[in-house]
Amino acid sequence: MSAPLPYRLGPARPALGLVVLQSDESVEADMRRLIPQRGNLLVTRVPSGAEVTPETLAEMEGHLSQAAALFPPWARFSAVGYACTSGTAQIGAPHVAAQIRAAVQTEAVTEPVSALIAACTALGLRRLGMISPYVAEVSGRLRAVLAEARIETPVFASFEVPEEARVARIGPQSLRDAAMRLAGEAPLDGLFLSCTNLRTLSVIPALEAELGLPVLSSNQVLAWHMMRLAGIAPPRRTPGRLFTQTR
């Protein structure tokens with residue numbers, strides 16, 4: 001019987017955790033594009049409904065700790081993100097953080113709502129045009145949470161699509177058309193494309209060039225905030241003014 005092979009342990013990379021909805025098809029690919037490999041992104045999934053309603057969003061709170069407990073138990077995180085904008089608005093950011101911290105050791109917890117508020121502060125934005133796929137009750141809750149943070153959404157439009165399977169397939173031209181229409185309705189500081197299941201990254205640079213405004217999206221702000229909290233520099237060619245103006 002041969003002797004065990006010798007080995008040495010290398011240094012640990014900064015770990016970032018991501019809690020993704022079972023029904024989300026978009027955010028994981030976006031986050032791997034935005035966060036450099038040295039960020040060591042680890043992903044788990046939380047049970048979620050096939051439709052986005054206040055009830056299905058609220059139900060996720062009871063599963064968050066269990067989902068976070070499925071990360072490697074020895075992992076120590078610089079930041080953990082819960083990848084649901086509407087879920088955060090419904091459950092509340094402090095409750096999201098408490099559920100995740102109950103299951104993992106992490107220096108910080110964030111989600112798209114806290115990340116958006118931090119991004120708006122960094123860029124000096126107070127009046128956002130907002131586009132979402134949500135039904136009226138869900139959109140209204142998110143707008144109310146932003147208003148509490150003194151971020152106005154004076155113009156708003158929604159595709160009003162409750163089914164997650166359809167949200168992930170809303171095309172870039174539909175997003176562009178909605179953004180161009182909304183931007184002409186009132187003076188704005190920026191535009192927000194809400195929902196981690198929307199495929200937004202490809203439209204952000206062109207929209208910013210056409211509108212002359214910062215364009216933010218759920219996945220973009222979440223990646224930006226997680227990297228900031230973890231002290232990780234984003235890749236040089238990351239899309240959006242958020243990254244170029246806050247380095």
Considering all heavy atoms, the nearest [X]-[Y] contact:
| X | Y | result |
| --- | --- | --- |
| Ser23 | Asn197 | O-ND2, 3.6 Å |
| Ser217 | Phe192 | C-CE1, 3.7 Å |
| Ala15 | Arg76 | CB-O, 3.6 Å |
| Pro214 | Leu125 | CG-CD2, 4.1 Å |
| Ala83 | Thr196 | O-OG1, 3.2 Å |
| Val215 | Glu208 | N-OE2, 2.9 Å |

How far does [atom1] of [X] sit from [atom2] of [Y], to the nearest 0.5 angstrom?
| X | Y | atom1 | atom2 | value |
| --- | --- | --- | --- | --- |
| Ile204 | Arg176 | CD1 | CZ | 15.0 Å |
| Gln105 | Phe71 | CD | CZ | 13.5 Å |
| Leu16 | Asn40 | CG | CG | 7.5 Å |
| Trp224 | Leu229 | CH2 | CG | 8.5 Å |
| Ile151 | Arg126 | CD1 | CZ | 5.5 Å |
| Asp30 | Ile35 | CG | CD1 | 10.5 Å |

How about [X]: does its [atom1] atom have over 12 heavy atoms from other parts shown lying under 6.0 Å from it?
| X | atom1 | result |
| --- | --- | --- |
| Glu210 | CD | yes |
| Gln245 | CD | yes |
| Glu148 | CD | yes |

Arg32 and Glu28 ion-paired at < 4.0 Å: yes
Is there a side-chain contact between [X] and [Y] (heavy atoms, below 4.5 Å)?
| X | Y | value |
| --- | --- | --- |
| Leu146 | Met130 | yes |
| Tyr82 | Leu21 | yes |
| Leu116 | Leu128 | yes |
| Met31 | Val43 | no |
| Leu207 | Met180 | yes |
| Asp189 | Leu213 | no |
| Leu211 | Leu188 | no |
| Met226 | Thr110 | yes |

Test side-chain contact (heavy atoms from CB on, under 4.5 Å) applied to Ile91 and Leu57, step by step: CA-CA 7 Å; Ile91 297 167; Leu57 294 171; 5.8 Å; no
Cluster overlap Leu70 with Val80, hydrophobic side-chain contacts below 4.5 Å: no
Distance-only side-chain donor-acceptor flag, Thr56 / Glu59, under 3.5 Å: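 Distance-only check fails for Thr56 and Glu59.
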Audit row: Val221, His225, side-chain contact (heavy atoms from CB on, under 4.5 Å) steps and yes/no: CA-CA 6 Å; Val221 297; His225 201 216; over 6 Å; no
Just by modelled atom types, is the [Y] backbone N or O under 3.5 Å from a matching donor or acceptor in the [X] side chain?
| X | Y | result |
| --- | --- | --- |
| Ser158 | Tyr134 | yes |
| Arg141 | Pro54 | no |
| Thr106 | Ala108 | yes |
| Ser114 | Glu111 | no |

Pairs touching residues 149-173 that satisfy salt bridge (charged side-chain N to carboxylate O under 4.0 Å, His left out), sequence neighbours left out: Glu25-Arg169, Arg127-Glu152, Glu163-Arg166
Sole residue of Gln99, Gln22, His63, Glu61 in side chain to side chain contact (heavy atoms under 4.5 Å, CB included) with Val46: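 Going through Gln99, Gln22, His63, Glu61 one by one, the side chain to side chain contact (heavy atoms under 4.5 Å, CB included) with Val46 is satisfied by His63 alone.
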Verdict with supporting geometry, Cys195 and Val167, side-chain contact (heavy atoms from CB on, under 4.5 Å): CA-CA 9 Å; Cys195 185; Val167 170; 3.9 Å; yes
Stepwise side-chain contact (heavy atoms from CB on, under 4.5 Å) check, Arg228 with Thr246: CA-CA 10 Å; Arg228 272 208 149 192; Thr246 59; 3.9 Å; yes
